2 protein chains.
Amino acid sequence: MKERETRQLATVYEVVRAAQDHPTADEVHARVRRRLPRISLGTVYRNLQKLAAQQRVRVVRLPHRAARFDGMLGEHDHFLCERCGAVIDLMRSAATPPDCAALDRAGFVVHAHALTFYGVCAACAGTPRVRRPRDRHV
Amino acid sequence: MKERETRQLATVYEVVRAAQDHPTADEVHARVRRRLPRISLGTVYRNLQKLAAQQRVRVVRLPHRAARFDGMLGEHDHFLCERCGAVIDLMRSAATPPDCAALDRAGFVVHAHALTFYGVCAACAGTPRVRRPRDRHV
DNA sequence: CTTTCTGCAAACTCTTTGCACTCGT
DNA sequence: ACGAGTGCAAAGAGTTTGCAGAAAG
């Protein structure tokens, strides 16, 4: 059960720490390979998971692909319950709209933003005030 | 070039509009199938894309899987440039931390949140104040 | 009739996993 | 020597695509 400091783990860690961009697992693999040509992609995945579990690297949760669809057209955010997996709509007013002024000032054009909270929903947290545990609005 | 209103498209639309949860493409397929048993998953995907392009349904951009890794351990948000694809770190102070008070009051436990802005970065927007177009901090 | 759309299946991307072998400790 | 870690390749999810035939206009 004791963890080992292998060359592979150390190199993956160094590569991610040194990276200024936000490499995908594949990109990490390519860079590590320059030093350890025989390392496999599977090992990179395993080591990235291990490092993330140890909080030694950070996982960037970027909304990448469209995975879910919504008939509700208005702007709103989401709460993701880590216990029951529910996706709960949050009216935009439930959270302060993020301040884009600093971005605007820096010359960035903001078209949209996505805000997702993670945690435990009221139903799972034991507050018996919700009837349906899945997919209600707040 | 003219779009057709097929039974398949109409049914996918109705199902997504009627859904109170946030169905995945697969779930949409299952529901549509109850009415059109021969519809294929590929058609559902194509129609979801079409409806999203027409803004008739909303795509929920949920951070699904860990796709990218970061050696920067502090809390921060991201800006995704739609032009050059850059992922730019934003210090948390650049945007007002979202207000969780309403969620707390409703009995929700918030562990974390992910905030991503979409738009055009300063370099792509033509502001010549950035040297490297990819992956700088703000 | 023409052109778009569909069903099907194959292909593709990203990630995980089983297995025998390797290598830290 | 023991067992966690590795390379490889195969298997999984989730999504896209090529094609022949169906159907909307």
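A note on names: the letters A, B, ... follow the listed sequences, proteins ahead of strands, and every chain is numbered from 1. Source: prediction; values computed, not measured.
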Inset, instruction - Please confirm whether any donor atom in the side chain of B/Arg4 sits under 3.5 Å from an acceptor in the base of C/dT3, or the reverse. - result: yes

With respect to the phosphate group of [N], does any side-chain polar atom (N or O) of [X] fall under 4.0 Å of OP1 or OP2?
X	N	result
A/Gln49	C/dT16	yes
B/Thr6	C/dT6	yes
A/Thr43	D/dG7	yes
A/Lys50	D/dG5	yes
B/Gln8	C/dG7	yes

Legend entry - Ring-face cation of B/Arg56 near B/Tyr13 (centre distance under 6.0 Å, axis angle within 45°):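 Judged by the rule, B/Arg56 and B/Tyr13 form a cation-pi pair.
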
Inset, instruction - If the plane angle is over 60° it's perpendicular, under 30° parallel, otherwise tilted; pick one for B/Phe108 and A/Phe79. - result: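 Because their plane-to-plane angle is over 60°, the rings of B/Phe108 and A/Phe79 count as perpendicular.
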
Legend entry - Parallel, tilted or perpendicular: ring planes of A/His113 versus B/Phe117, cut at 30 and 60 degrees: tilted

Inset, instruction - Before accepting this row, confirm whether a basic side-chain N of the pair A/Asp21/A/Arg31 lies closer than 4.0 Å to the acidic partner's carboxylate O. - result: yes

Under 4.0 Å between any heavy atoms, over every strand shown, what does [X] touch: base, sugar-phosphate, or nothing? Just pick one.
X	result
A/Arg46	base
A/Leu41	base
A/Asp26	nothing

Proximity to the side chain of [X] - top-ranked nucleotide from [options]:
X	options	result
A/Ile39	C/dT6, D/dG7, C/dT25	D/dG7
B/Asn47	D/dG7, C/dT6, D/dG5	C/dT6
B/Glu5	C/dG24, D/dG25, D/dT6	D/dG25

Atom [atom1] of [X] to atom [atom2] of [N]: distance rounded to whole Å?
X	N	atom1	atom2	answer
A/Tyr45	D/dA9	OH	P	17 Å
A/Arg7	D/dG7	CZ	P	11 Å
A/His29	C/dC14	NE2	P	14 Å
A/Leu36	D/dC8	CG	P	12 Å

Legend entry - Position toward the 5' end of DNA chain C (nearest nucleotide), B/Glu3 or B/Arg38: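 The residue mapped nearer the 5' terminus is B/Glu3.
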
Legend entry - Side chain B/His29, main chain B/Gly42, donor-acceptor under 3.5 Å: no

